[in-house]
Amino acid sequence: MRRYDPTEIEPRWVSRWDEEDLYRASEDPADPRPRFYALDMFSYPSGDLHLGHAEAFSGGDAVARFMAMRGHNVLHPIGWDAFGLPAENAAIKRGIHPKEWTYANIEQQASSFRRMGMSFDWTRRLATCDPEYYRWTQWLFVKLFERGLAYRKTAPANWCPKDQTVLANEQVIAGACERCGTPVVRKDLTQWFFKITDYAQRLLDDVDELADWPERVITMQRNWIGRSEGAEVTFQIAETGDEVEVFTTRPDTLWGVTFFVFAIEHPLVMKLAEAGGTAEQAKALLDRLQATPLTNREQADSREGLPLGVHAINPVNGEQVPVFVAPYVLMEYGTGAVMGVPAHDQRDFEFARANDLPIRVVVQPEGQERDPASMTEAYDHEGVMVGSGPLDGVRSPESISEVIAWLQREGKGKASVSFRLRDWLISRQRYWGAPIPIIHCPEHGEVAVPEDQLPVLLPDDVDFRPGGESPLARNEGFVNVTCPTCGAPARRDTDTMDTFVDSSWYYFRYCSPNDERRAFDPEAVARWMPVDQYVGGVEHAILHLLYCRFFTKVLYDLGLIAFTEPMLRLMNQGQVIFGGASMSKSKGNVVELMPFVERWGSDTMRVTILFAGPFEDDIDWKLIAPDSERRPGANAWLGRVHATVGEAAGREAPETNELRRHTHGTIKGVTRDLERFRFNVAISKLQVLTNEIRSALDAGHGAHEAAGALVQMLAPLAPFTAEELWRVELGHPESVHRSAWPTYDPELARDDRVTLVLQVDGKVRDRVEVDPDVSEEACRALALGSEGVQRAVGSRTIARLVVRAPRLVNVVTAG
RNA sequence: GGGCGAGUGGCGGAAUUGGCAGACGCGCAGGAUUCAGGUUCCUGUGUCCGAAAGGACGUGGGGGUUCAACUCCCCCCUCGCCCACCA
């Protein structure tokens, strides 16, 4: 029996598992096993794996292995989300091609994953920057385009005038370009969008099907979609006759309207300013505000506004109120215009105070009276209608439907629903992404690249440094093409797609990763999907998962799949932080993964991380492993398991009933724990079992069954150590990872003695060992006969006895 | 400002969902092994009183329900995350 030496054991099994092709998912239709799709969020190849990967993938791998041992045909694939800005920026910084940098990182991560012993089916490996992959990303774009779900429109973007490039919001630091410090301006650009808003209601409704998703993710998705019910009300501009709609959730407050406001981007603003004789001031305001970067809008004087000199007619009472343009109204939400009800909306209240506008209370809290002169904030709760003509005296919630009915009868409005969700801007003026497969023809406009001409290859010989437009626009050979419809000279679209597009469908591709004829084989997808278990970071709780759900519904509408939700169960691992802060290179607190693995072993890393706390919680590495030189506790435990199992293997003596009971109880508990991702608790139970086996051996007993079960239960959590013990020490010819998960005998798993707790007035005064089937009567007798109970009761009289056989008796005294 | 979640020893965390609070591990202390450090093994380890037996207190704070509360209800404090001018 050798000393536990993971650096010798682990690499040996990496190559052995390769030879035995242990983790290949079976495509054999005759395979009787139920299938299980265990998906881990794929990796972004920016450098080698770090501790965050270790946590996510240790959990995902444990589930995949556990389900395989429980008799499932498991699909556990891996790939890389390989397009995007970090690769481009790193490449620019190092002067190498993004492709080179990306594939080098992929190779490094792949090799680290193998060293970690992840149970991936490597035959399905993919990267989104492979032409064989993005060909189908482009195909999907064309499908959306054909259905009218991909369209172009002009939208404002952050623009750096010096670098001549569009910046993501994260690249704008305090209103300036993060690279050169130049103040950023707003610039309107024609961009591609996916019409995800068409699916807003379905995305919201189907959230109810996601029973096994974390509650907080469901909440975030709901809030992000942001459905509001209310009414659309038509106002007329007195001076010009223009009809303008507003959206409001409070049509009951229509009688409280004292002004009207347009967003600065609203198309009517300049026309109305001219009509009102304020064109000059309006233009000055618009120019100034539009030069302000989007992220600075919040910092602008939020209650600034300009009266346009025209008036809006309130449809319910014919009153004319002044019309303003103000930055606090957003063009992107509702209709880009709002009615101002200062008494009952806080933002309107502040605007009215800042601009000396009247405040009119039309909802009074019951039994109170708000006076506009003395109000310090808007009253936005329920109440009784006042000053509202026919609605006076009605409670405000009930009055809403009455107002809507009235508006509808009069043709001045209707019930309406508004969503917070916006269409998805997917075009990027960047090099390292999937080219948008569209050709712009002077005659035929936007023409999709025909399917047999996909992929539109990303050319290698491009000056990919940013500068004004998409780098692809500088490549004449790429840009100049002929129109697929008429053959006339035309120009390729030079934008690339947001990487979130690439990652919205990769789990479909895993089902038939080498299909050269289609994005995925519908039969393979029908067999494997939906995904049974998805594991990944909570930072993707909104965008990525929403996009995945959107794509799935589009594919359903295309008739390609028969389900509408892609992921049945979702689990978010916590972050690994250091000293209370997230790890980052700039803080210099990054802990590398592979040096730890090389020194202590992958199994030690896995157990350390999984044992540190609940899977969903953050782990502070500084608290878990404060001294990198000291032997980690997980390593010491695995060493004890190694020694203990080795000793048990050579012991012929019979096992005690006590140990057998303990073994079966542990199987029961650990099985439940692994089903619920409670790895930390599972490991603690295995540690207790290890200690029990140790004691049994020390007492001269055998421990064959216990040792075997321990090794099997260890397999999902510490796959190398378990394999070494199973095959080498316990002498099994087949891998532990192909063995059947141990089952427990319910009779044995039940304790044959339980502790009856004896309390007096709720305080523990004695304990007795009893049979689990002990009668209530016997418990009562034991309690009354107990010396500890008698001492505690003393001279007081006993009022009652609460008996919960076989757990507890509470003796309640009088007084 | 809105929404969600969490506060348990020196530390990470358990607690069959209302029934022995602190499992398991880290750390620390003492002992054994070792030339020594590390490793390994044994013992102890919530706080306070006590030599011990035993007792009192104890799950952020305050109140409540209950025979019994970390767990359920109300108020407050602190921290974390998400969304933040969404009409």
Side-chain angles (χ1 to χ4, degrees), chain A residues 3 214-220 222-224 226-228 230 246-250 253 261 263 297-298 300 302-303 326-330 332-341 344-348 350-351 377 380 418-422 538-539 541-542 575 580 607-608 611-614 616-627 629-637 639-640 643 668-669 672 678 680-691 694 698 755-767 788 791-792 799-804 807-813:
Chain A
R3 181 178 77 83
E215 193 53 46
R216 66 180 160 156
V217 175
I218 301 241
T219 307
M220 281 192 242
R222 277 210 183 96
N223 293 344
W224 191 260
R227 183 190 148 102
S228 295
V246 298
F247 174 76
T248 177
T249 54
R250 294 294 304 276
T253 64
V261 193
R297 269 278 283 279
E298 307 140 26
S302 62
R303 297 303 165 240
Y328 90 90
V329 174
L330 306 175
E332 307 87 64
Y333 185 74
T335 62
V338 302
M339 59 187 212
V341 187
H344 305 295
D345 181 281
Q346 187 59 23
R347 298 152 300 179
D348 294 349
E350 288 165 22
F351 188 79
E377 56 177 17
D380 53 12
S418 202
F419 291 95
R420 189 190 166 283
L421 184 69
R422 311 281 154 77
V538 74
E539 67 272 18
I542 298 174
Q575 272 190 76
V607 171
T608 299
F611 185 55
E616 307 89 318
D617 290 8
D618 287 352
I619 292 171
D620 194 331
W621 190 254
K622 195 177 180 181
L623 300 175
I624 292 303
D627 182 355
E629 291 307 302
R630 194 185 268 268
R631 182 177 188 191
N635 188 274
W637 172 55
R640 273 199 303 282
K668 183 179 178 183
R672 276 170 54 106
R678 291 155 44 100
N680 57 329
V681 185
I683 290 169
S684 77
K685 289 187 176 113
L686 295 180
Q687 291 175 335
V688 174
L689 183 60
T690 310
N691 296 343
R694 181 76 261 158
D698 289 348
T755 305
L756 177 71
V757 175
L758 304 178
Q759 296 180 332
V760 176
D761 294 326
K763 286 180 181 149
V764 180
R765 297 300 177 182
D766 204 357
R767 306 179 168 84
R791 187 169 51 231
R800 60 186 281 213
L801 286 177
V802 181
V803 183
R804 294 285 177 275
R807 295 261 171 242
L808 170 134
V809 177
N810 191 7
V811 179
V812 186
T813 62

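Reminder, nothing fancy here: chain letters follow the sequence lines and each chain counts from 1. None of these values were measured; they are calculated from a predicted model.
Put simply, CG on A:Asp698 is 14 Å from C1' on B:U40, counting in whole angstrom units. Rounded to a whole Å, the CD atom of A:Glu539 is 12 Å from the P atom of B:C83. Summarising the geometry, the separation between NZ on A:Lys763 and C1' on B:A56 is reported as 8 Å, rounded to the nearest angstrom. Rounded to a whole Å, the CG atom of A:Asp380 is 11 Å from the C1' atom of B:G2. Going from atom CZ of A:Arg804 over to atom P of B:U66 covers 15 Å, rounded to whole Å. The nearest whole Å value for the distance from the CD atom in A:Glu215 to the C1' atom in B:C82 is 14 Å. Spacing between atom CZ of A:Arg765 and atom C1' of B:C67 amounts to 15 Å, rounded to whole angstrom units. Regarding A:Arg420, its CZ atom lies at a distance of 12 Å from the C1' atom of B:C85, rounded to whole Å.
The nearest heavy atom of RNA chain B to A:Ile624 and to A:Asp348 marks one nucleotide each, and the one closer to the 5' end goes with A:Ile624. Sequence order on RNA chain B of the closest nucleotides to A:Gly613 and A:Leu421 puts A:Gly613 first from the 5' end.
Here A:Ile683 contributes atom CD1 and A:Trp637 contributes atom CH2; the two are 6.0 Å apart, rounded to the nearest 0.5 Å. One finds the CE atom of A:Met220 at 11.0 Å from the CD atom of A:Glu215 (value rounded to the nearest 0.5 Å).
For the P atoms, the distance linking B:G63 with B:G13 amounts to 29 Å, nearest Å. Here the separation of B:U33 from B:C42, taken at their P atoms, is 15 Å to the nearest Å. If you take atom C1' in B:G58 and the same atom in B:U8, they sit 10 Å apart, rounded to whole Å. Rounded to whole Å, the separation between the P atoms of B:G5 and B:U59 comes to 24 Å. For the C1' atoms, the distance linking B:A87 with B:U66 amounts to 48 Å, nearest Å. Comparing the same atom, C1', in B:G64 and in B:C11 gives a spacing of 34 Å after rounding to whole Å. As rounded to the nearest Å, B:A68 and B:C20 have C1' atoms that lie 12 Å from one another. Taking the P atoms as reference points, B:U65 lies 28 Å from B:C4, given to the whole Å.
In this structure, of B:U40, B:A87, B:G3, it is B:G3 that holds the atom nearest to the side chain of A:Asn223. Side-chain proximity of A:Arg791 to the nucleotides B:G55, B:A14, B:G19 is greatest for B:G55. Looking at the side chain of A:Val329, the nearest of the listed nucleotides B:C20, B:A87, B:G27 is B:A87. Checked against B:U39, B:A84, B:A87, the side chain of A:Trp224 finds its nearest nucleotide in B:A84. Listed nucleotides B:G19, B:C28, B:G3 differ in distance to A:Val802; the shortest reach to its side chain belongs to B:G19. You'll find that the side chain of A:Thr219 is closest to B:G3, out of B:A87, B:C83, B:G3. Comparing B:A15, B:C85, B:C20 by their nearest atom to the side chain of A:Val681 picks out B:A15. With B:C67, B:C85, B:C82 as the candidates, the nucleotide lying closest to the side chain of A:Ile542 is B:C82. Distance from the side chain of A:Ala612 is smallest to B:G12 among B:C83, B:G27, B:G12.
Figure legend. B:G2 is base-paired to B:C82; pairs are counted as Watson-Crick or G-U wobble with both atom distances under 3.5 Å. In this structure, B:U17 forms no base pair with any nucleotide, since neither Watson-Crick nor G-U wobble geometry is met with both distances under 3.5 Å. Checking B:U59 for Watson-Crick or G-U wobble geometry (two distances, each under 3.5 Å) identifies no partner in any strand. Pairing for B:G10 goes to B:C26, judged as Watson-Crick or G-U wobble with the two contacts each under 3.5 Å. With a 3.5 Å ceiling on both atom-pair distances, B:G50 lacks any Watson-Crick or G-U wobble partner.
Contact annotation for A:Arg640: backbone-only contact, meaning every heavy-atom pair under 4.0 Å involves sugar-phosphate atoms and none involves a base. Residue contacts for A:Ala636: at a heavy-atom cut-off of 4.0 Å it reaches the sugar-phosphate backbone alone, with no base atom in range. Among the atoms of the strands shown, base atoms are found under 4.0 Å from some heavy atom of A:Val757. Among the atoms of the strands shown, base atoms are found under 4.0 Å from some heavy atom of A:Gln759. Here A:Asp620 lies out of heavy-atom contact (under 4.0 Å) with every strand. A:Arg678 comes within contact range of the sugar-phosphate backbone alone, with a heavy-atom separation under 4.0 Å but no base atom that close. Note on A:Trp637: nothing from the nucleic acid sits closer than 4.0 angstrom, heavy atoms only. Counting any heavy atom pair closer than 4.0 Å across all strands shown, A:Leu808 reaches a base atom. Residue contacts for A:Asn810: at a heavy-atom cut-off of 4.0 Å it reaches a base atom on one of the strands shown. Here A:Thr755 lies in heavy-atom contact (under 4.0 Å) with a base. Contact annotation for A:Pro614: backbone-only contact, meaning every heavy-atom pair under 4.0 Å involves sugar-phosphate atoms and none involves a base.
Remark: A:Arg303 is positioned above the aromatic ring of A:Tyr328, its terminal NZ or CZ atom under 6.0 angstrom from the ring centre and at most 45 degrees off the axis.
Looking at heavy atoms from C-beta onward, A:Lys763 lies out of side-chain contact with A:Val760 at the 4.5 angstrom threshold. When side chains are defined from C-beta on, A:Glu616 does not count as touching A:Val538, because their heavy atoms never get closer than 4.5 Å. Looking only at side-chain heavy atoms (C-beta outward), A:Val812 and A:Leu801 stay at 4.5 Å or farther from each other. Using a 4.5 Å heavy-atom cutoff, the side chains of A:Gln759 and A:Leu808 are in contact. Between A:Ile624 and A:Asp620, every side-chain heavy-atom pair lies at or beyond the 4.5 Å cut-off.
Counting distance only, with no hydrogens placed and no angle test, the side-chain atoms of A:Arg767 and the base atoms of B:C20 include a donor-acceptor pair under 3.5 Å. Within 3.5 Å, no donor on the side chain of A:Arg216 pairs with an acceptor on the base of B:G5, nor the reverse.
No donor-acceptor pair closer than 3.5 Å links the side chain of A:Arg804 to the backbone N or O of A:Val802. Between the side chain of A:Asp345 and the main chain of A:Asp348, a donor-acceptor pair closer than 3.5 Å is present.
Base orientation at B:U17 is syn, since its O4'-C1' glycosidic dihedral falls within 90° of 0. Annotated as syn: B:G9, whose O4'-C1'-N torsion sits within 90° of 0.
Close to B:U39, at under 4.0 Å from its OP1 or OP2, lies no side-chain N or O of A:Arg631. For A:Ser228 and B:A87, the shortest distance from a side-chain N or O to OP1 or OP2 is below 4.0 Å.
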